[in-house]
Amino acid sequence: MSRGSVVAVLVVLLAGGSSCGAPEAGTPLPPLASLPDPTTGPRTTTPPPGPTTATTTTATTTTEPPPARPSPTRAGNPAGGVPVPAGAAAVDTSSPTTVIGAGTPVGCTSQAVVAAVAAGGVITFDCGPDPVTIAMTETAKVRNDSGRETVLDGGGLVTLSGGGRRRILYQNTCDRAQGITTSHCQDQDHPRLTVQNLTLVDGDSTGDDTEGGGGGAVFVRGGRVKVVNSTFLRTGATSTVPTSAAARCGCSVSTGAGRSSWSTAPSTAAPAPTAGR
C-alpha cells in the first residue's frame with residue numbers, strides 16, 4: 001500500500017467514528033416533555049398490610065364423671081311377687097342412735113360394733129361409699145337390760161366377718177352376764193334384735209354347745225329376732241338342735257314365747273375389702 005492510501009483509510013476511520021460517541025455538534029436533543037416522568041408515570045403500589053386477626057385457642061377440659069357408687073346388695077329374692085308382712089319389713093333407721101364410722105373405713109372397727117350392740121338402739125354405718133368388711137375380734141352381744149330394741153343396719157355395704165374363729169352376734173335372755181330382767185328368762189319377749197341390709201361371713205361357734213350350740217353367725221335364745229335382706233356365708237357350728245332355715249343360715253334361734261321372722265336367703269356374693277380392726 002502506498003503512503004497516500006494509508007492516509008485515505010485514516011481519514012475514513014476518523015470520519016465514521018463520530019456515530020459511536022457523543023452526538024455531533026449541531027444535532028438537536030429531544031425535548032424534556034417527551035421523556036417519561038418518573039413521578040407521574042405508572043407506579044407499582046404495594047398495599048399496606050391488613051389488620052392483624054388474633055387467633056384465640058380455647059382449651060377444652062373434659063372432666064371424667066366420678067365412678068358410680070356400688071348398688072347396695074340385695075339378698076334373697078328381690079324379684080319375688082309375694083308381699084313381705086309388715087312385721088317382717090325393715091325397720092326405719094333414718095334417725096339412728098349410733099353411727100359407726102365418719103365417712104371412711106377407719107372408724108368402722110370391731111370394737112365400735114361391740115360397744116354399739118351392747119348399748120342398744122338403732123345402729124347404722126358411715127364407712128364411705130364403697131363396700132367394707134369389718135373383721136370382728138370379739139362377739140357382739142345384746143344386753144338384756146339395755147331397754148331398747150337393737151337394730152343393726154349395714155345399708156347393703158357392710159359385711160361383718162367372724163374370721164372363721166368366732167360367732168358374730170349373740171343374744172341370750174338367760175345369760176347372767178348380759179343381765180337377767182325377769183323371773184322367766186326362758187319365756188320373754190325382750191330384748192329385740194333386728195339385722196338388716198347386712199352380710200355376715202365366716203362366723204364359727206364350733207365346740208360351743210351352750211343351749212344346744214349352733215349359731216355360727218347369730219345365736220338367739222329368748223326375746224325376738226328379725227333378719228331382713230341379709231346374707232350369710234361360710235358359717236360353721238356344732239349343733240344338737242333340729243336343722244331349720246335359720247340354722248342353715250348360720251343362726252340358732254330359740255325364742256320361747258317371743259317371735260322370729262326372716263326375709264332373707266343365702267347368697268354366693270364375694271365378701272368386700274376388709275376394714276381396720
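When a residue number appears, it is its place in the shown sequence, counting from 1. These numbers come from a predicted model, not from an experiment.
- Nearest heavy-atom pair across Ala88 and Val228 is O-CG2, 3.3 Å.
- For Ser161 (side chain) and Ile134 (main-chain N/O), no donor-acceptor pair under 3.5 Å exists by modelled atom type.
- The shortest heavy-atom contact between Gln186 and Arg221 is CA-NH1, 2.9 Å.
- Scanning both residues, Thr181 and His190, for their nearest heavy atoms gives OG1-NE2, 3.3 Å.
- Contact check for Asn172 versus Phe219: side-chain heavy atoms found under the 4.5 Å cut-off.
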Test side chain to side chain contact (heavy atoms under 4.5 Å, CB included) applied to Val218 and Tyr170, step by step: CA-CA 6 Å; Val218 180; Tyr170 174 87; over 6 Å; no
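- Placement of Val114 and Leu200 within a single hydrophobic cluster is found when ILVMFWY residues are connected by side-chain heavy-atom separations under 4.5 Å, directly or transitively.
- Here the shortest heavy-atom pairing between Ser146 and Gly120 reads OG-CA, 4.4 Å.
- Taking both residues in full, the closest heavy atoms of Ala116 and Thr98 are given as CB-CG2, 4.0 Å, listed atom of the first, atom of the second, then distance.
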Can Leu160 and Thr133 be said to form a side chain to side chain contact (heavy atoms under 4.5 Å, CB included), step by step? CA-CA 6 Å; Leu160 301 183; Thr133 295; over 6 Å; no
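- Inspection of the Thr182 and Gln188 side chains reveals an N or O donor paired with an N or O acceptor under 3.5 Å.
- Pairs engaging residues 81-92 under the side chain to side chain donor-acceptor pair (under 3.5 Å) rule: Asp92-Ser94 [sequence neighbours left out].
- Distance check, rounded to the nearest 0.5 Å: CZ of Arg224 to OG1 of Thr173 gives 13.0 Å.
- Of the residues listed (Thr124, Val151, Asp126, Asp153), the one engaging Pro96 in a side-chain contact (heavy atoms from CB on, under 4.5 Å) is Thr124, and it is the only one.
- The closest donor-acceptor contact from the side chain of Asn144 to the backbone of Gly179 lies under 3.5 Å.
- Grouping the Ile, Leu, Val, Met, Phe, Trp and Tyr side chains by contacts below 4.5 angstrom, directly or via other members, places Leu169 with Val132.
- In this structure, Lys226 contributes its side chain and Gly87 its backbone to a donor-acceptor pair below 3.5 Å.
- There is no path of hydrophobic side-chain contacts, each under 4.5 Å, that joins Val113 to Val122.
- With values rounded to the nearest 0.5 angstrom, Ser110 atom OG is found 4.0 Å from Met136 atom CE.
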Assess whether side-chain hydrogen bond (donor to acceptor under 3.5 Å, both in side chains) is satisfied between Asn229 and Gln196, documenting all intermediate values. CA-CA 6 Å; Asn229 189 37; Gln196 61 188 41; over 6 Å; no
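- Although no hydrogens or angles enter the test, the distance criterion places a donor-acceptor pair under 3.5 Å between the side chain of Arg148 and the main chain of Ala119.
- Atom CG of Leu198 and atom CZ of Phe232 lie 8.0 Å apart (nearest 0.5 Å).
- In this structure, CD on Glu138 lies 8.5 Å from CZ on Arg166, to the nearest 0.5 angstrom.
- A pairwise comparison of heavy atoms in Asp145 and Gln178 identifies OD1-O, 3.8 Å as the closest pair.
- With Ile123 as reference, Val117 is the one residue of Thr93, Thr97, Thr194, Val117 to meet the side-chain contact (heavy atoms from CB on, under 4.5 Å) rule.
- Rounding to the nearest 0.5 angstrom, the gap separating the OG atom in Ser205 from the CZ atom in Arg165 is 16.0 Å.
- Note that the CZ atom of Arg143 and the OG1 atom of Thr150 stand 11.0 Å from one another [nearest 0.5 Å].
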